[in-house]
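Following: one structure in structure tokens, then a few remarks.
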Amino acid sequence: MQNIAPVILCGGSGTRLWPLSRETYPKQFVDMGEGRTLFKDTLLRARRTPGCLEPVVVCNEAHRFYVTAALYECDVRATILLEPAPRNTAPAIALAAFALICNGADPLMLVLPSDHAISDEDAFFKGATSAAALAEQGHIVTFGITPTSPETGFGYIEQGDALGDGYRVARFVEKPDAATARAMLDRGGFLWNSGMFLLRASVYLKELERFVPEIHAACRAAWEGHVTDGAFCRPDADAFLDSPSDSIDYAVMEQTDLTAVVPLSTGWSDLGSWEALYQAEQADDSGNVCHGDIMTQDAENCYFNAQHRLLTAIGVRDLVVVETSDAVLVAPRQRVQDVKAIVGRLRAAQRTECKQHPRVYRPWGCYETLVMDGRFQVKRIIVNPGAELSLQMHHHRAEHWVVVSGTAEVTNGDVVCLFSENQSTYIPVGTKHRLKNPGVIPLVLIEIQSGAYLGEDDIVRFADMYGREDLPAHSNENR
């Protein structure tokens with residue numbers, strides 16, 4: 001089988017899994033337990049797929065540090081393409097295709113959304129092998145999931161004539177109503193549209209230029225104007241933003257005569273709601289799915305997720321209860337789709353809970369807000385081995401740092417000192433300072449901020465190993 005380049009798409013805002021998922025912390029990066037995330041699962045699945053090369057990851061600018069953290073933890077190298085703004089899947093895949101053919105290569109591309117759960121990886125690998133054989137013949141192959149119920153939340157694919165280990169696509173069907181979905185299952189020959197594809201880069205670009213030349217031209221110009229920024233590849237923003245926003249389904253798949261579908265008989269979900277998460281996991285004898293510190297009494301058929309504290313429930317049925325450090329969701333399981341309405345209200349009220357997660361990733365590690373109250377704020381800061389924060393200064397706040405574990409190299413004005421576990425230091429207002437981890441294990445410390453203004457835009461950056469000196473303070477790329 002020819003070498004295959006995985007293309008992992010990391011778009012999406014994650015509003016349907018709020019409050020665990022946020023605009024800047026979408027569901028593919030959410031810790032599902034023991035450090036597992038859907039993005040990491042996708043990375044590792046791609047690496048284990050026979051014939052696969054180093055992946056290309058297409059992600060939003062705001063999510064790039066979640067991507068680099070996951071790549072580091074999975075020990076995977078990848079090309080990271082940063083979209084200046086979301087333009088749906090057709091432009092995202094086009095950017096990846098231009099990146100892959102720029103040196104004269106023309107690989108097959110295995111396009112994978114980063115937020116899908118697949119239970120039978122052997123079935124997936126077998127399907128990928130079958131799809132590669134069809135793609136080598138010039139077909140644009142999608143994967144169809146053998147349906148187990150008349151779902152109304154998925155699009156469908158009708159199988160046509162047999163084609164190797166797959167089928168020609170007779171037609172695509174939009175998300176149906178319940179009666180139509182039941183009729184399709186009774187008739188047979190229909191598959192759920194998974195949104196996964198296997199296709200040759202040049203074939204995709206040729207068909208895209210044929211049917212939506214505006215997307216092709218904008219993405220080509222964006223790639224030709226790209227610049228490399230450390231680990232990231234940045235397409236020209238103005239050119240990319242000229243691209244229409246469209247999905248590969250509408251732009252190409254429903255237009256071309258090259259489509260084929262390979263069925264996959266495996267448990268699969270796009271985990272697009274709390275109900276989908278409930279259905280995808282193993283319930284206990286009372287029908288409850290529990291994550292975190294949970295204690296129940298006479299509770300049945302519920303989904304409980306506690307991130308920071310004990311969650312107790314008595315005498316409840318068919319609920320979803322999700323607790324994070326700054327928000328709690330309580331909803332009947334049959335109403336979880338209405339979470340989007342709550343997020344919309346939070347956005348209209350300009351509440352930060354809809355956008356920012358308490359844990360924020362940066363190129364050097366991450367920080368998490370533990371307490372915020374008036375004139376003080378407490379954060380947990382984790383600095384990766386060998387990493388360092390920018391040399392910076394604050395106009396309105398002082399900072400106290402207490403080392404929990406690891407070794408901290410602290411620049412405080414003109415003095416550079418090492419601090420170890422249980423030692424602390426004080427950074428006065430207006431003092432240039434920097435934090436570095438010179439060790440081989442993560443540095444964990446507690447930061448106590450105090451002052452009249454504690455906003456993340458109170459920063460003057462003097463030097464930065466990640467090239468952020470010229471970023472405006474309001475970019476929220478602080479530290």
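In what follows, residues are counted from 1 in the order of the sequence shown.
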H63 and Q28: CA distance, side-chain angles, deciding distance, side chain to side chain donor-acceptor pair (under 3.5 Å) verdict:
CA-CA 10 Å; H63 305 148; Q28 60 264 30; 5.0 Å; no
Evaluation steps, side chain to side chain donor-acceptor pair (under 3.5 Å), between T324 and Q307
CA-CA 5 Å; T324 68; Q307 294 287 302; over 6 Å; no
Please step through side chain to side chain donor-acceptor pair (under 3.5 Å) for the pair D249 and N193, ending with a clear verdict.
CA-CA 10 Å; D249 300 88; N193 189 348; 3.3 Å; yes
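You'll find the side chain of L199 stays beyond 4.5 Å of the side chain of L108, heavy atoms only. Side-chain contact check for R359 versus Y25: every heavy-atom pair is 4.5 Å or farther apart. T79 has its side chain out of reach of P55: every pair of non-hydrogen atoms, C-beta onward, lies at least 4.5 Å apart. Inter-residue side-chain proximity for L163 and H139 is flagged as met; some heavy-atom pair is nearer than 4.5 Å.
Among pairs with a residue in residues 236-267, none fulfils ring pair (Phe, Tyr, Trp, His ring centres under 6.0 Å), at least two apart in sequence or across chains. Sequence neighbours left out, the pairs with a member in residues 226-243 that pass side-chain hydrogen bond (donor to acceptor under 3.5 Å, both in side chains) are E61-R234, D229-R234. Pairs of residues two or more places apart, or lying in two chains, that qualify as ring pair (Phe, Tyr, Trp, His ring centres under 6.0 Å) and include a residue from residues 78-115 are F98-H216.
A search for side-chain hydrogen bond (donor to acceptor under 3.5 Å, both in side chains) contacts involving R220 returns nothing, not counting sequence neighbours. Contacts of Q255 classified as side-chain contact (heavy atoms from CB on, under 4.5 Å), with partners at least two apart in sequence or in another chain: F211. Contacts of S405 classified as side-chain hydrogen bond (donor to acceptor under 3.5 Å, both in side chains), with partners at least two apart in sequence or in another chain: none.
A cation-pi geometry, defined here as NZ or CZ lying under 6.0 Å from the six-membered ring centre and within 45° of its normal, holds between K432 and F462.
R397 contributes no side-chain N or O that, together with a main-chain N or O of P428, makes up a donor-acceptor pair within less than 3.5 Å. In terms of modelled atom types and a separation under 3.5 Å, the side chain of S273 and the main chain of A276 share a donor-acceptor contact.
The aromatic rings of W268 and W192 sit tilted, their planes meeting at an angle between 30° and 60°. Ring planes of F124 and F143: tilted class, angle from 30 to 60°. Ring-plane geometry between W401 and H433 is classed as perpendicular, the angle between the planes exceeding 60 degrees on a 0 to 90 degree scale with a lower cut at 30. Using cut-offs of 30° and 60° for the angle between ring planes, the Y66 and F29 rings count as parallel.
We find that E209 and K206 are not joined by a salt bridge, their nearest charged nitrogen and carboxylate oxygen being 4.0 Å or further apart. With salt bridges taken as basic N to acidic carboxylate O contacts below 4.0 Å, one links D41 and R36. Between R434 and E409 there is no salt bridge, since no side-chain N of the basic residue sits under 4.0 Å from a carboxylate O of the acidic one. Salt bridge status for R45 with E121: present, with a side-chain N to carboxylate O gap under 4.0 Å. Using a 4.0 Å cut-off between charged side-chain N and carboxylate O, E214 and R87 make no salt bridge. With salt bridges taken as basic N to acidic carboxylate O contacts below 4.0 Å, none links K355 and E23.
Counted by atom type alone, N88 and S247 present zero donor-acceptor pairs between their side chains at under 3.5 Å. D165 and S130 share a side-chain donor-acceptor pair at under 3.5 Å. With no hydrogens or angles considered, no side-chain donor-acceptor pair links H400 and Q449 at under 3.5 Å.
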